[in-house]
Amino acid sequence: MKDVCGFCGIRGHAYCNQKTSSVTAGMDEQALLGLNPNADSDFRQRALAYFEQLKISPDAWQVCAEALAQRTYSDDHIKFFCFQVLEHQVKYKYSELTTVQQQLIRETLISWLQAQMLGLQPEKTFIRNKAAQVFALLFVTEYLTKWPKFFFDILSVVDLNPRGVDLYLRILMAIDSELVDRDVVHTSEEARRNTLIKDTMREQCIPNLVESWYQILQNYQYTNSEVTCQCLEVVGAYVSWIDLSLIANDRFINMLLGHMSIEVLREEACDCLFEIVNKGMDPVDKMKLVESLCQVLQTAGFFSIDQEEDVDFLARFSKLVNGMGQSLIVSWTKLIKSGDIKSAQEALQAIETKVALMLQLLIHEDDDISSNIIGFCYDYLHILKQLTVLSDQQKANVEAIMLAVMKKLTYDEEYNFENEGEDEAMFVEYRKQLKLLLDRLAQVSPELLLASVRRVFSSTLQNWQTTRFMEVEVAIRLLYMLAEALPVSHGAHFSGDVSKASALQDMMRTLVTSGVSSYQHTSVTLEFFETVVRYEKFFTVEPQHIPNVLMAFLDHRGLRHSSAKVRSRTAYLFSRFVKSLNKQMNPFIEDILNRIQDLLVLSPPENGYQSLLSSDDQLFIYETAGVLIVNSEYPADRKQVLMRNLLTPLMEKFKILLEKLMLAQDEERQASLADCLNHAVGFASRTSKAFSNKQTVKQCGCSEVYLDCLQTFLPALSCPLQKDILRSGVRTFLHRMIICLEEEVLPFIPSASEHMLKDCEAKDLQEFIPLINQITAKFKIQVSPFLQQMFMPLLRAIFEVLLRPAEENDQSAALEKQMLRRSYFAFLQTVTGSGMSEVIANQGAENVEQVLVTVIQGAVDYPDPIAQKTCFIILSKLVELWGGKDGPVGFADFVYKHIVPACFLAPLKQTFDLADAQTVLALSECAVTLKTIHLKRGPECVQYLQQEYLPSLQVAPEIIQEFCQALQQPDAKVFKNYLKVFFQRAKP
């Protein structure tokens with residue numbers, strides 16, 4: 001008999017005699033105090049530091065092993081901590097341990113498990129779960145090599161002791177999670193290992209495990225519901241990857257069906273049966289399994305839904321019925337494909353017999369129960385869609401599903417429209433599922449759907465004044481949903497199929513003439529406006545209804561509704577309505593502009609006036625006003641007057657507010673004034689979206705108005721306060737004006753740029769560069785003098801920001817610099833790509849060299865494939881422009897000294913990952929650069945590569961020959977493909 005080790009409590013244990021100083025020292029008791037959730041931050045910091053120390057130390061984990069084996073500590077948080085240290089050891093350091101140390105971890109865990117059988121109190125759940133995780137990690141590490149008897153060892157310790165069984169089942173769930181859980185991302189190596197473990201388990205121990213589950217269920221089904229439920233969960237988890245016949249047999253199924261009648265077990269039993277039914281298998285066998293299950297469940301009275309009051313159980317049962325239904329449908333599909341018509345007919349018959357039950361569950365007042373059966377319902381309709389002729393019963397089923405969907409779409413009394421929470425969000429999701437069913441119903445029987453909706457809609461709207469809001473809302477909602485359920489191209493619902501068009505036209509006429517837009521409930525009001533906008537083509541057929549609908553938008557029913565939510569949504573919908581019907585709007589333009597006057601007011605922070613609309617909503621109103629003016633049939637001078645009337649109040653308010661901002665002392669007030677100024681610029685910007693190629697600013701006579709706006713807004717750039725927000729707004733306005741005013745905007749650009757380059761941060765520059773790119777790409781040679789003048793100031797501002805020191809681990813600063821670098825290279829790409837290389841060439845030799853060196857650095861030194869790709873595009877463009885015999889002096893030398901080496905050094909870097917898509921694009925541009933050099937320099941380039949450069953990289957002569965041949969191929973694609981292979985071979 002071996003002695004018990006005094007150090008760790010494990011019998012016959014050799015390693016503990018070799019105690020190191022850190023082990024002898026025991027645990028840092030002060031640091032352990034920080035593990036208590038109520039400890040102050042200093043103690044918590046110390047505990048964290050101690051944890052890190054134990055993780056790094058090669059042998060300190062043994063202190064934790066000792067504490068667990070000897071049950072040194074009673075504090076739960078310390079026990080959990082010890083398991084965390086062991087977990088880290090097994091997960092990250094296991095291969096570094098000696099055989100004896102690995103044995104110590106195994107024995108510690110078994111010793112701890114044995115102790116659980118004897119303790120007065122079971123461990124807390126969080127400790128048991130953590131222990132199970134450590135067991136599982138050790139299992140996946142050792143099962144295939146050192147611990148093939150893992151399960152037998154554990155079973156021999158726990159036997160049928162309830163505490164032991166609890167831990168055994170937790171370990172099994174943790175192992176399943178390690179091996180099968182799809183939410184855990186595994187490396188390909190781990191995935192291969194997991195497959196091998198499962199295969200080995202199937203061969204060596206699964207039958208024994210299944211037998212242990214059966215024994216546990218039989219022993220505890222009436223005495224320990226917690227353990228029984230755990231065991232059912234284990235069976236459900238493992239059934240997906242073990243031999244189904246071990247579970248789907250009489251003794252197991254009968255026991256599970258017995259559990260269906262025990263209240264505390266039946267939900268878990270339901271889930272377990274669902275997993276069994278979901279297991280992939282032969283279609284005929286699956287059909288037999290499902291049918292035998294259904295028979296027993298029906299005989300036991302489970303199909304009598306109305307007798308059951310427990311909604312939690314019914315939700316699980318609904319999921320089970322859904323699984324059975326979908327399994328039968330999968331069987332039917334497979335049998336049809338294989339040509340087994342007889343069995344397919346039996347499968348269809350089996351499906352049909354479940355429809356009545358499906359309908360009962362679908363119509364159930366509890367949405368979770370209903371939601372769980374929708375998959376079966378959807379797939380059943382898909383079958384009917386494939387059948388050429390429907391039986392009377394099938395037609396009746398379709399109608400029953402339709403009525404169920406219509407009923408279930410209805411809001412209930414408890415729905416909180418003003419403060420939507422989690423329950424409301426779940427109902428919105430549930431409605432989306434029902435919508436998919438409705439769309440599928442439309443595919444099976446469009447005529448029936450249209451007739452049903454029309455019947456419900458007409459009867460409801462006839463008496464809308466005396467009908468509850470949810471019924472009125474759902475009636476309009478159904479009309480709205482028909483637009484997607486019965487799709488047409490370009491919203492042409494009112495032409496083509498005459499019966500469909502007249503039915504929809506009838507319903508729309510009823511909607512806009514019934515007065516239902518006055519219904520006193522936000523859900524009905526919103527549904528009215530949504531539907532009106534969805535069917536805007538109706539108003540081209542019956543334009544006489546436009547004035548009434550416009551009034552609804554403009555009065556207390558829409559933009560002036562008491563609910564902010566309705567006002568906000570209506571602002572957007574009104575904008576869409578006006579845009580889509582702009583040809584019909586002409587008679588109403590001035591009336592609308594007058595009526596929305598008060599909604600356009602810029603609301604400064606100090607006047608205490610609470611605007612009806614938020615600034616985001618006002619953007620839509622400004623855009624609508626712009627669209628009405630620009631698309632009107634008025635002559636240009638009238639359009640100009642109207643646009644000036646729209647924008648002058650903004651300009652006047654802007655000047656006043658800017659003066660106030662310059663004088664403001666309080667930072668909060670400065671921020672709110674800057675916000676307001678920004679809104680003014682944004683509103684003016686938004687009106688310009690109404691212009692198009694057909695209706696330009698010039699044609700509409702509005703250039704002068706927008707130039708006035710520019711002159712009004714630009715002084716904000718020199719305001720030293722709230723720079724970020726002001727610059728951002730003006731920059732966006734300039735982007736719009738470059739598009740709208742074209743060359744008329746050019747005189748304003750130099751001074752605007754000068755202001756925007758003062759006191760810049762990385763983000764300012766990053767946002768300024770796209771503006772310069774836009775100007776360069778659009779105006780090209782026209783802006784060459786301006787670009788030459790501001791080129792170096794811009795570059796100096798960029799370099800200054802890039803060279804600013806930052807904290808080593810400041811991720812956001814590093815990211816900002818990376819983005820700025822990308823913007824800088826994008827700018828150089830725009831300049832070179834717009835035929836403006838003289839802008840760079842005229843900067844003086846020293847500056848030109850500095851720019852070229854930064855491009856080489858971008859291509860080689862920074863591991864950012866997006867920037868690298870841009871750099872190679874710039875280099876190939878410069879080679880194309882300057883690389884010939886008549887290029888700038890010294891450029892040919894630069895090509896050989898710097899550009900050619902960059903094409904090799906960049907892809908040879910370890911950070912250049914050829915498995916990454918962006919990097920492959922960078923390599924592709926690198927290939928283009930080399931091809932362009934060869935094109936411009938000819939045989940001289942090949943000679944340089946053959947005789948000087950490639951030999952200096954120690955490339956073998958035959959590979960050099962191969963490389964040069966590929967480079968000389970006329971097809972660029974051949975060389976691109978070769979280059980990838982070349983570097984794949986070259987990298988270690």
Below 4.5 Å, heavy atoms only, C-beta onward: do [X] and [Y] meet side chain to side chain?
X: Leu787; Y: Ile772; value: yes
X: Met585; Y: Val627; value: no
X: Ser753; Y: Phe768; value: yes
X: Val848; Y: Val851; value: no
X: Gln640; Y: Met643; value: no
X: Ile629; Y: Leu593; value: yes
X: Gln699; Y: Lys639; value: no
X: Leu771; Y: Gln774; value: yes

Point-to-point distance, once rounded to the nearest 0.5 Å, from [atom1] of [X] to [atom2] of [Y]:
X: Leu765; Y: Met819; atom1: CG; atom2: CE; result: 13.5 Å
X: Leu658; Y: Thr712; atom1: CG; atom2: OG1; result: 10.5 Å
X: Phe779; Y: Ile749; atom1: CZ; atom2: CD1; result: 7.5 Å
X: Lys689; Y: Ile739; atom1: NZ; atom2: CD1; result: 10.0 Å
X: Leu746; Y: Met737; atom1: CG; atom2: CE; result: 13.5 Å
X: Asn419; Y: Glu424; atom1: CG; atom2: CD; result: 7.5 Å

Is it the case that the side chain of [X] and the backbone of [Y] share a donor-acceptor pair, with hydrogens and angles ignored and the cut-off at 3.5 Å?
X: Gln670; Y: Ala664; result: yes
X: Ser568; Y: Lys565; result: no
X: Ser688; Y: Ala684; result: no
X: Lys653; Y: Ala680; result: no
X: Thr624; Y: Phe620; result: yes
X: Tyr480; Y: Glu527; result: no
X: Arg638; Y: Glu633; result: no
X: Arg560; Y: Leu554; result: yes
X: Gln695; Y: Asn693; result: no
X: Lys780; Y: Ala777; result: yes

To check you understand the geometry: which heavy-atom pair defines the closest contact between [X] and [Y], and what is its length?
X: Leu559; Y: Phe574; answer: CD1-CD2, 4.0 Å
X: Leu803; Y: Lys817; answer: C-NZ, 4.5 Å
X: Ile546; Y: Gln584; answer: CD1-CB, 3.5 Å
X: Pro543; Y: Pro547; answer: O-CD, 3.9 Å
X: Gly729; Y: Val681; answer: O-CG1, 3.3 Å
X: Ser603; Y: Cys676; answer: O-SG, 3.7 Å

Between [X] and [Y], is any side-chain donor less than 3.5 angstrom from a side-chain acceptor?
X: Gln788; Y: Ser784; answer: yes
X: Glu473; Y: Ser523; answer: no
X: Asn773; Y: Thr776; answer: no

- Query: When you look at Lys583 and Thr540, which way does the side chain to side chain contact (heavy atoms under 4.5 Å, CB included) test go after all the steps?
  - Reply: CA-CA 9 Å; Lys583 288 188 174 66; Thr540 56; over 6 Å; no
Under 30°, 30 to 60°, or over 60°: which ring-plane class applies to [X] and [Y], parallel, tilted or perpendicular?
X: Phe577; Y: Phe553; answer: tilted
X: Phe427; Y: Tyr411; answer: tilted
X: His679; Y: Phe683; answer: parallel

- Message: Among residues at least two apart in sequence or on other chains, which ones pass ring pair (Phe, Tyr, Trp, His ring centres under 6.0 Å) with Phe791?
- Response: Phe827
- Step by step, would you call Glu816 with Glu761 a side chain to side chain contact (heavy atoms under 4.5 Å, CB included)? CA-CA 9 Å; Glu816 277 200 339; Glu761 297 301 320; 5.9 Å; no
- Show your working on ring-ring contact (aromatic ring centres under 6.0 Å, His included) between Tyr706 and Phe691 and close with a plain yes or no. CA-CA 12 Å; Tyr706 284 100; Phe691 298 104; 5.7 Å; yes
Does [X] come within less than 4.0 Å of [Y], counting only side-chain N to carboxylate O?
X: Asp764; Y: Lys723; value: no
X: Glu925; Y: Lys869; value: no
X: Glu484; Y: Lys435; value: yes
X: Glu800; Y: Arg796; value: no
X: Glu623; Y: Lys579; value: yes

Count the heavy atoms of every other residue, nucleotide or ligand shown that sit under 6.0 Å from [atom1] of [X], and state whether that count exceeds 12.
X: Lys763; atom1: NZ; answer: no
X: Gln789; atom1: CD; answer: no
X: Met426; atom1: CE; answer: no

- Got a sec, which residues hit salt bridge (Lys or Arg N to Asp or Glu O under 4.0 Å) with Asp591, two or more places apart in sequence or on another chain? Arg595
- Candidate pair Phe417 and Phe469, rule ring-ring contact (aromatic ring centres under 6.0 Å, His included), full reasoning: CA-CA 12 Å; Phe417 288 90; Phe469 84 84; 5.6 Å; yes
- Query: Would the Phe713 and Phe654 ring centres measure less than 6.0 Å apart?
  - Reply: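 Aromatic pair counts; centres sit under 6.0 Å.
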- Task: Give the intermediate values and the outcome of side chain to side chain contact (heavy atoms under 4.5 Å, CB included) for residues Arg821 and Asp864.
- Result: CA-CA 10 Å; Arg821 228 178 265 115; Asp864 176 3; 5.9 Å; no
- Query: Please walk me through it: do Lys698 and Glu744 pass side chain to side chain contact (heavy atoms under 4.5 Å, CB included)?
  - Reply: CA-CA 10 Å; Lys698 220 176 226 169; Glu744 288 183 90; 3.6 Å; yes
- Apply salt bridge (charged side-chain N to carboxylate O under 4.0 Å, His left out) to the pair Arg576 and Glu536, showing each step before the final yes or no. CA-CA 9 Å; Arg576 277 194 40 198; Glu536 31 88 10; over 6 Å; no
